[in-house]
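Labels below follow one simple rule: chain letters A, B, ... track the order of the sequence lines, proteins then strands, and each chain is numbered from 1.
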There are 2 protein chains.
Amino acid sequence: MAADSERSDKSQVVERTCAILREMGRYGQRGARLIDLTERTGLSRPTVHRILTTLGAESFVQRTNDRRYRLSPVMYELGLAAPSPVGDPEKLRPVIQALANQCGDTVYLAMRTGDFAHYLLRCEGAYPIRTHVVAANQTLHLVSGHSGRALLASMPEDEAEDIITRASRDRHLFGEATPDGLREEIEKVRQKGFGWARDVTFVGVAGLTVPVPNPRGAAYLAITISSIPQRLTPDRAQALVKDMRAAAAEVTRIVSASTAS
Amino acid sequence: MAADSERSDKSQVVERTCAILREMGRYGQRGARLIDLTERTGLSRPTVHRILTTLGAESFVQRTNDRRYRLSPVMYELGLAAPSPVGDPEKLRPVIQALANQCGDTVYLAMRTGDFAHYLLRCEGAYPIRTHVVAANQTLHLVSGHSGRALLASMPEDEAEDIITRASRDRHLFGEATPDGLREEIEKVRQKGFGWARDVTFVGVAGLTVPVPNPRGAAYLAITISSIPQRLTPDRAQALVKDMRAAAAEVTRIVSASTAS
DNA sequence: AAATCAAAGTCAATATGTTGGACTTTCGGA
DNA sequence: TCCGAAAGTCCAACATATTGACTTTGATTT
């Protein structure tokens with residue numbers, strides 16, 4: 001190891017363990033290969049292997065049958081003992097439901113987790129044609145959904161690029177889109193502050209998405225309206241984005257309030 | 001440290017880190033004091049402190065303002081990247097809803113997490129007087145709810161005793177009950193295989209609870225029917241318990257199927 | 001079916017990071 | 001203001017982690 005300039009009463013092994021766990025979190029339920037983790041953490045293979053073996057013995061990690069490592073249900077349970085970054089999502093439902101009532105379409109609130117967007121809430125509007133492509137509590141890769149586009153646009157460019165690059169190996173994650181197409185879309189989201197796309201999650205469904213501003217860094221929440229493309233004309237989208245941003249600000253307010261304890 | 005008889009390519013620090021994290025999980029969002037963790041893990045204070053400091057720097061752990069340590073939202077997010085021990089709880093809803101339809105009352109499915117019961121599902125029956133004391137996604141201390149009684153009864157006695165002892169410091173967790181009263185109740189649950197109690201979560205509300213058998217060890221799920229005491233007479237309870245056990249068996253079946261991948 | 005290659009897994013000599021007893025500081029209660 | 005309990009710090013001793021080099025596994029190709 002190179003000289004560590006940082007003074008510390010910190011444990012090197014713990015740091016490395018955290019790095020590995022964090023990295024595994026990115027790979028979700030599919031799991032990461034040993035070599036993925038060594039490359040991404042910069043640690044030597046035996047080191048990663050030993051830590052993984054130990055985490056496995058503690059059942060924090062499981063080895064899948066195709067020699068991948070993923071976080072185990074024990075980690076899920078541990079997570080439940082920790083406060084959610086947004087507090088109780090139900091506190092946010094009124095805001096999202098109000099938006100759904102206003103626009104008549106289906107509105108989602110999604111939270112970023114590693115390379116994925118976890119859909120916390122889905123609220124229905126009154127418009128009779130409903131798009132139910134994603135359910136509450138579902139998790140979609142950031143490159144696979146509308147909310148993911150807003151979230152990717154909000155994070156540092158190299159981080160987003162890293163996620164897209166890595167996802168490119170699994171072409172099916174992109175559906176009708178392509179990695180390069182997505183890069184362009186995200187660039188547009190960065191410029192305009194909202195995303196509009198169709199046929200992303202499902203052919204014949206369009207989505208409008210905005211990131212929820214986060215005073216402490218990159219957004220980890222996004223609000224998305226899902227509808228049929230005919231209902232999301234540029235004019236209407238313009239108006240909706242205004243409402244969405246208002247709702248987003250409200251969400252920020254509520255989350256900040258419940259987090260400051 | 002005593003001699004470690006076990007050969008290993010395991011990392012001591014990782015083992016210790018896991019022990020600390022697991023222990024912190026037990027304490028939930030209130031957090032644990034340094035001394036709690038040193039006592040319960042048997043590690044020296046400087047060691048625990050150093051590991052906690054590192055976990056804090058990695059933001060896996062946060063220090064509350066009253067000098068307690070608790071798992072951070074980062075852990076919550078990590079947990080979302082791991083598979084839930086029960087797979088998607090929505091797959092279990094039909095079973096619980098069917099039971100609710102059958103009995104007419106409110107039925108819960110709860111999962112154990114550390115010292116707590118996390119309520120996954122709440123299904124409504126048709127009976128007009130409804131008891132809505134607990135919401136879905138809420139978390140209650142094991143000593144504070146009906147499901148917790150079933151879960152405590154299912155675990156090794158010393159583990160249950162440890163949880164009750166520790167909880168005894170916070171008398172308010174017990175509501176109208178007392179630690180000793182609870183111990184008796186739980187002994188009854190062990191003998192009869194179900195729990196009946198009133199005024200636990202709320203005065204004027206009664207609950208009937210059974211553990212969901214887990215082929216791989218102690219139950220971590222419980223089914224609970226909540227109603228007014230008049231509706232849970234001994235005779236009716238007897239009949240309901242039969243239905244609940246059938247539902248529990250069905251839950252076991254579904255969970256086992258979705259876990260075997 | 002054999003060959004090939006990439007990734008996983010193992011080992012052990014070395015040096016590095018970890019350990020915990022003893023000391024100091026902080027905080028909450030009286 | 002004082003007091004005790006818990007938190008936090010330091011450093012010499014040494015147990016533990018580290019990684020280069022080696023072996024094994026399993027998937028893919030010929």
### Query
Think A:Q12 has a side-chain N or O under 4.0 angstrom from the OP1 or OP2 of D:dT18?
yes
### Interatomic distance where NZ belongs to A:K10 and P belongs to C:dG17 [whole Å]
14 Å
### Message
Rounded to whole Å, please give me the gap between CZ in A:R50 and P in C:dT18.
### Response
11 Å
### Summary
Whichever of A:D66 and A:I51 has the more 5' nearest nucleotide on DNA chain D, that residue is A:I51
### Message
I need the CG-P distance between B:N65 and C:dC27, as an integer number of Å.
### Response
12 Å
#### Entry: Residues which pass side-chain contact (heavy atoms from CB on, under 4.5 Å) with A:A177, listed by chain and number, not counting sequence neighbours
A:R149
### Query
Considering only side-chain heavy atoms of A:S44, which listed nucleotide, D:dT19, D:dT9, C:dT18, is closest?
D:dT19
### Message
Under 4.0 Å from OP1 or OP2 of C:dT16: is there any side-chain N or O of A:R16 that close?
### Response
no
### Query
Reckon B:T53 touches a base, only the sugar-phosphate, or nothing at all at heavy-atom distances under 4.0 Å?
nothing
### Task
Take the C1' atoms of the five end pairs on each side of the helix from C:dA1-D:dT30 to C:dA30-D:dT1, get both axes, and report the angle to 10 degrees.
60°
### Query
So which of A:H49, A:Q62, A:E23 actually passes side chain to side chain contact (heavy atoms under 4.5 Å, CB included) with A:Y69?
A:H49
## Note on the structure
For A:E161, the side-chain contact (heavy atoms from CB on, under 4.5 Å) test, sequence neighbours excluded, returns A:T165, A:R183
## Note on the structure
In 5'-to-3' order, the base (B), backbone-only (S) or no-contact (-) status of each nucleotide in nucleotides 3-9 of chain C, using a 4.0 angstrom heavy-atom cut-off, is ----SBB
### Task
Using side-chain contact (heavy atoms from CB on, under 4.5 Å) as the criterion, list what pairs up with B:R45, not counting sequence neighbours.
B:L34, B:T38
### Task
List for me each residue that meets side-chain contact (heavy atoms from CB on, under 4.5 Å) alongside B:E90, sequence neighbours excluded, and say none if there are none.
B:D88, B:R93, B:L121
### Query
Is A:T47 touching bases, backbone alone, or none of the nucleic acid, heavy atoms closer than 4.0 Å?
base
### Task
Check the distance between D:dT16's C1' and B:D9's CG and give it to me in whole angstrom.
13 Å
## Note on the structure
Between CG of B:L52 and P of D:dT9 the distance, given in whole Å, is 12 Å
### Message
Rounding to an integer number of Å, can you tell me how far B:L37 CG sits from D:dA6 P?
### Response
14 Å
